[in-house]
Amino acid sequence: MVKTRFAPSPTGYLHIGGARTALFNYIYAKHFGGKFILRIEDTDSERSLKAYEEDIIKSMQWLGLVSDEPVSYQSQRLNIYKEYCQKLLDEGKAYNCYCTAESLEEDKSKLIAEGKKPMYSGKCRNLLGDEQNVNLPHVVRFKTHRGDGRLTKFKDLIRDQSVSVNHSEIDDFVIMRTDGIPTYNFAVVIDDALMGITHIIRGDDHLSNTPKQVLLYEALGFEPPAFAHVSMILGNDGKRLSKRHGATAVMQYKNDGFLPEALINYLVRLGWSHGNDEILSLDEMIQYFDLKHISKSAGVFNKEKLLWLNAHYMKQKTAEELVGLINDISAINNNESNNAENVKTIQYSENVSVLIDALKPRVKTLVEIKEKMGFYLNEGSIIYDMNLLSEIDKFKLNESDDNEYKNSGQKKANVDEVIYFLNQLTGFVKNLHLDRLNLNGSACVNFIKESLDNFFSANKWSLKHKAMLVRIALTGEKISPGIYEVIFALGEARTLKRINDFIEFVKNNEVMINK
RNA sequence: GGCCCCAUAGUCUAGCGGUCAGGACGUUGCCCUCUCAAGGCAGUAACACGGGUUCAAAUCCCGUUGGGGCUACCA
């Protein structure tokens, strides 16, 4: 049975590179009906943090990558590593090293100064029993085969070729630290072997470590698993992805309003392909995934494409689902920054439903939906911005002398005409009797559309020339969903109030408009 | 420095000896249109370089260049 694992160290948040590795492992195992497990490699007590551990687990959950076994922690398996270390010691495959960090550092800088490879001298390699005092601080080093001139090789499934390294390149590396905690290369081999991992899919930053691990598998009498090294994700400057390239933490994407299906889809296509397929559900990924089509070269993270995918997946959600998702992240984001405006949770209603459906094609993230609902969420009065005056200036009541206006060039809107129009609009809205209509959302929007169209044509007005004034009156913005939807979402009372408020705004700025 | 890995448009990629080098994001133009989007249509743009092998090379081999990784009592 195929069994894979994702083995992050809790020394940082789960970032998108790690998430992609986890995803590859997960869908590879599922493709073969196998198991996927999560193992926390917390052997670096200096840098490991509980908070990061929790972040990793939460991120994995959010992405839907569930471990088939309870999450394991290396810090809870110390006795196991000790046991195997002793075995190697007993068999003469490892030895205690009493060299101090200072003397090691000295040797190293000396070798570098001489232009030689900085490798361990092997000073403690052949200490006799009576030359040792295990009560003294010491590490355990693995006895490699330096000098035998042979190669250690392993096959990499992604490159579809063997990678080999000469033993002269492999140092007697430390497997057990002074404090009795194993190093990465040692613990990872024991865990993967004991946990029955059949395929190791990991970042290619581990490619150079693999020969050491293969040597360890042999010394321990374990069968090595299959290896597959995925190249790294780079930032847009071609450098290894880091915080300065913007968001890298998975949870940050959640909070920024991305859907997990979008992130997963983006990540799977960053380095893997299935012909020309771009949109893939988790099930489809599982069905089609293979190592053969994983790219060997590094990929650059491209947020534009992620946004495109996110927009795509948002369109597939119902308005009600989106409201739930938006409220969910608003709660989180508001804990961090207490912006009163955003604290409000959105109450789902038919008005909200129509509005969100109208907004869907206009946004790329959940956060953006809420931002663009601002005019609706704002229950008080709109503070009309002065930059709206330029739109008011363009207003012409009588459209038949369009050319006259254009040709006269300087002519500004006539405030009396603007107000006349707004008053007419008020009358129109009152006559709609929106509150008394018994229509569902889309039927009501249609009714508003027909009525407004009739109202305009009866006055020889066109939507084209009048819509903007209606829009800015009702929303305070130059950009909004269609005005029919806006009127429906706002409802009669708020629509009338805003028109009235806007009339006041126009009156108060008459001087500016006629300037 | 040494060792290892990688190389198709701005980006992600298809390709696995013979293709008009295909798709997607982006970008540009047009259509649609109450603004902005979305959508539709059209366009733009790539085999890093140099040698081989072969009738034929983006594809195979070798160099060069460029990028990345490892070289820890980090993972």
Side-chain angles (χ1 to χ4, degrees), chain A residues 7-12 41-44 46-48 97 99 101 104-105 108 112 115-119 137-141 156 158-159 161 163-166 168-171 173-185 187-188 202-212 229 231-232 234 236 238-240 266 269-279 292-293 295-309 311 315 358-364 372 391 449 452 456 462-472 475 477-484 486:
Chain A
S9 70
T11 53
E41 307 219 324
D42 52 353
T43 53
D44 183 346
E46 294 280 306
R47 298 194 303 148
S48 292
C97 170
C99 296
L104 253 23
E105 195 51 47
K108 188 176 170 184
I112 291 174
K116 292 179 185 161
K117 281 179 218 172
M119 294 181 92
H138 64 277
V139 298
V140 179
R141 285 183 185 273
D156 185 275
I158 289 172
R159 276 146 259 273
Q161 70 181 41
V163 175
S164 57
V165 171
N166 194 294
S168 63
E169 297 296 330
I170 306 175
D171 211 349
F173 56 93
V174 173
I175 57 175
M176 199 60 89
R177 295 177 248 236
T178 311
D179 58 6
I181 295 175
T183 59
Y184 163 74
N185 283 118
V188 79
R202 69 205 337 179
D204 76 358
D205 47 338
H206 289 297
L207 199 57
S208 305
N209 284 321
T210 310
K212 289 179 192 166
H229 290 94
S231 52
M232 322 231 73
L234 276 21
N236 43 21
K239 301 282 183 215
R240 192 178 186 160
Y266 176 72
R269 281 290 289 109
L270 179 54
W272 175 76
S273 62
H274 179 255
N276 283 332
D277 290 356
E278 293 292 348
I279 306 286
K292 187 175 181 249
H293 292 90
S295 166
K296 292 189 279 274
S297 47
V300 174
F301 187 80
N302 179 215
K303 196 171 178 184
E304 296 302 315
K305 188 161 181 182
L306 207 209
L307 283 165
W308 171 73
L309 281 163
K315 283 175 198 151
L359 244 20
K360 265 199 243 178
R362 301 161 207 268
V363 294
K364 293 191 189 302
K372 298 208 170 185
E391 291 300 330
K449 173 177 162 50
L452 191 66
F456 278 169
S462 69
L463 187 64
K464 191 174 178 58
H465 291 97
K466 297 289 179 285
M468 187 52 87
L469 200 70
V470 178
R471 164 172 297 107
I472 60 179
T475 69
E477 304 282 346
K478 293 177 187 176
I479 294 169
S480 82
I483 55 175
Y484 311 127
V486 168

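Every chain is numbered from 1 and lettered A, B, ... according to where its sequence line falls, protein lines coming before strand lines. Basis for what follows: all heavy atoms, side chains included, without hydrogens, waters or symmetry-related copies.
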(request) Answer yes or no on whether Lys212(A) is positioned over the face of Phe173(A), meaning its NZ or CZ is under 6.0 Å from the six-membered ring centre and within 45° of the axis. (result) yes
(request) Check whether any side-chain nitrogen or oxygen of His293(A) sits under 4.0 Å from OP1 or OP2 of G15(B), and answer yes or no. (result) yes
(request) Classify the nucleic acid contact of Gly299(A) as base, sugar-phosphate or nothing, counting any heavy atom under 4.0 Å across all strands shown. (result) sugar-phosphate
(request) Please work out if Glu41(A) contacts a base, only the sugar-phosphate, or nothing of the nucleic acid, heavy-atom cut-off 4.0 Å. (result) sugar-phosphate
(message) Given C73(B), A75(B), G39(B), identify the nucleotide with an atom nearest to the side chain of Leu104(A).
(response) C73(B)
(message) Less than 4.5 Å apart, side chain to side chain, heavy atoms only: is that true for His229(A) and Thr210(A)?
(response) yes
(message) Walk along nucleotides 65-71 of chain B from 5' to 3' and tag each nucleotide B, S or - by protein heavy-atom contact under 4.0 Å, base first, then sugar-phosphate.
(response) ---SBS-
(request) For nucleotides U54(B) and C61(B), find the distance between their P atoms and express it as a whole number of Å. (result) 16 Å
(message) In this structure, how many angstroms lie between the P atom of C34(B) and the CZ atom of Phe456(A), rounded?
(response) 11 Å
(request) Measure the spacing between CD1 of Ile158(A) and CH2 of Trp272(A) and express it to the nearest 0.5 Å. (result) 13.0 Å
(request) Please tell me which of Trp272(A) and Thr43(A) maps to the more 5' nucleotide of RNA chain B, matching each residue to the nucleotide holding its nearest heavy atom. (result) Trp272(A)
(message) Measuring only between side-chain heavy atoms, which start at C-beta, is Val300(A) closer than 4.5 Å to Leu270(A)?
(response) no
(message) Please report the distance separating the C1' of G39(B) from the corresponding atom of C32(B), rounded so that it comes out in whole Å.
(response) 8 Å
(request) Please work out if Lys315(A) contacts a base, only the sugar-phosphate, or nothing of the nucleic acid, heavy-atom cut-off 4.0 Å. (result) sugar-phosphate
(request) Provide the Watson-Crick or G-U wobble partner of C55(B), both distances under 3.5 Å; none if there is no partner. (result) G18(B)
(request) Please state the C1' separation for the pair A45(B) and U28(B) - nearest whole angstrom. (result) 11 Å
(request) Kindly compute the distance separating CG (Asp204(A)) from CG (Asp156(A)), expressed to the nearest 0.5 Å. (result) 9.0 Å
(message) Using atom P in both nucleotides, what's the gap between G52(B) and U11(B) to the nearest angstrom?
(response) 30 Å
(request) Have a look at Lys296(A) and say if it touches a base, only the backbone sugar-phosphate, or nothing, with a 4.0 Å heavy-atom cut-off. (result) sugar-phosphate
(request) Take atom CG of Asn236(A) and atom C1' of U11(B), then tell me their distance rounded to the nearest Å. (result) 10 Å
(request) Consider the side chain of Asn302(A), meaning its heavy atoms from C-beta on, and name the nucleotide among U11(B), G2(B), C36(B) that approaches it most closely. (result) U11(B)
(message) Rounded to whole Å, how long is the line connecting atom CG of Leu307(A) with atom P of A24(B)?
(response) 19 Å
(message) Under 4.0 Å, counting only non-hydrogen atoms across every strand here, what does Ser480(A) touch: a base, just sugar-phosphate, or nothing?
(response) base
(request) For residues Tyr266(A) and Phe301(A), determine if any side-chain heavy atom of one lies less than 4.5 Å from a side-chain heavy atom of the other. (result) yes
(request) Take atom P in U13(B) and the same atom in A56(B), then report the distance between them in whole Å. (result) 33 Å
(message) When both hydrogen-bonding distances must be under 3.5 Å and the geometry is Watson-Crick or G-U wobble, what is A46(B) paired with, if anything?
(response) none
(request) Flag the pair Val486(A) / Thr475(A) as yes when at least one side-chain heavy-atom distance between them is below 4.5 Å, and no otherwise. (result) yes
(message) Categorize Phe301(A) for me: base, sugar-phosphate, or nothing, with a 4.0 angstrom heavy-atom threshold over every strand shown.
(response) nothing
(message) Looking only at the side chain of Arg159(A) (C-beta and beyond, no hydrogens), which of the listed nucleotides C34(B), U35(B), C6(B) gets closest?
(response) C6(B)
(message) Could you tell me the Watson-Crick or G-U partner of G39(B), where both distances fall under 3.5 Å? Say none if there is no partner.
(response) C31(B)
(message) Suppose you measure atom C1' in C12(B) against the same atom in A46(B); what distance do you get, rounded to whole Å?
(response) 13 Å
(request) Select base, sugar-phosphate, or nothing to describe what Ser462(A) touches, counting heavy atoms under 4.0 Å on all strands. (result) nothing
(message) Salt bridge check, Lys372(A) against Glu477(A): does any charged N sit closer than 4.0 Å to a carboxylate O?
(response) no
(request) Write down the atom of Ala311(A), the atom of Val363(A), and the distance for their closest heavy-atom approach. (result) CB-O, 3.8 Å
(request) Tell me which of Val174(A) and Leu270(A) sits closer to the 5' end of RNA chain B, going by the nucleotide each one is nearest to. (result) Leu270(A)
(message) Just checking Tyr184(A) against His206(A), ring centres under 6.0 Å apart?
(response) yes
(message) What I'd like to find out is whether the side chain of Asp44(A) reaches to under 4.5 Å of the side chain of Ser9(A), using heavy atoms alone.
(response) no
(message) Both distances below 3.5 Å, Watson-Crick or wobble geometry, any strand: find the nucleotide opposite A24(B).
(response) U11(B)
(request) Report the nucleotide, chosen from A24(B), A14(B), C34(B), that has the shortest atom-to-atom distance to any side-chain atom of Arg471(A). (result) C34(B)
(request) Determine the contact category for Pro211(A): base if any of its heavy atoms lies under 4.0 Å from a base atom, sugar-phosphate if only primed atoms, P, OP1 or OP2 are that close, otherwise nothing. (result) nothing
(request) Report yes if a donor N or O on one partner sits less than 3.5 Å from an acceptor N or O on the other, where the partners are the side chain of Glu278(A) and the base of G23(B); otherwise report no. (result) yes
(request) Can you tell me the distance, in whole Å, between the CG atom of Leu306(A) and the C1' atom of U11(B)? (result) 13 Å
(request) Consider the side chain of Lys117(A), meaning its heavy atoms from C-beta on, and name the nucleotide among C4(B), C73(B), G2(B) that approaches it most closely. (result) G2(B)
(message) As a test of reading the structure: which of G23(B), A75(B), C5(B) is closest to the side chain of Arg269(A), going by heavy atoms?
(response) G23(B)
(request) Determine whether the side chains of Thr183(A) and Asn185(A) contain a donor N or O and an acceptor N or O closer than 3.5 Å. (result) no
(request) Could you tell me the separation between the CD atom of Glu304(A) and the C1' atom of G10(B), rounded to a whole number of Å? (result) 11 Å
(message) For a quick check, with a 4.0 angstrom heavy-atom cut-off, what is the B/S/- contact string for nucleotides 42-48 of chain B, read 5' to 3'?
(response) -------
(request) Quote, to the nearest angstrom, the C1' distance that separates G50(B) from G69(B). (result) 27 Å
(message) Please determine whether a side-chain nitrogen or oxygen atom of Thr178(A) lies at a distance below 4.0 Å from atom OP1 or OP2 of C73(B).
(response) no
(message) For a quick check of understanding: with a heavy-atom distance under 4.0 Å over all strands, which category does Val163(A) fall into, base, sugar-phosphate or nothing?
(response) sugar-phosphate
(request) Pick the P atom in G17(B) and in A75(B), then give their distance to the nearest Å. (result) 43 Å
(request) Would you classify Gly203(A) as touching base, sugar-phosphate or nothing, given that sugar-phosphate means primed atoms plus P, OP1 and OP2, and contacts are heavy atoms under 4.0 Å? (result) nothing
(request) Flag the pair Val188(A) / Asn209(A) as yes when at least one side-chain heavy-atom distance between them is below 4.5 Å, and no otherwise. (result) no
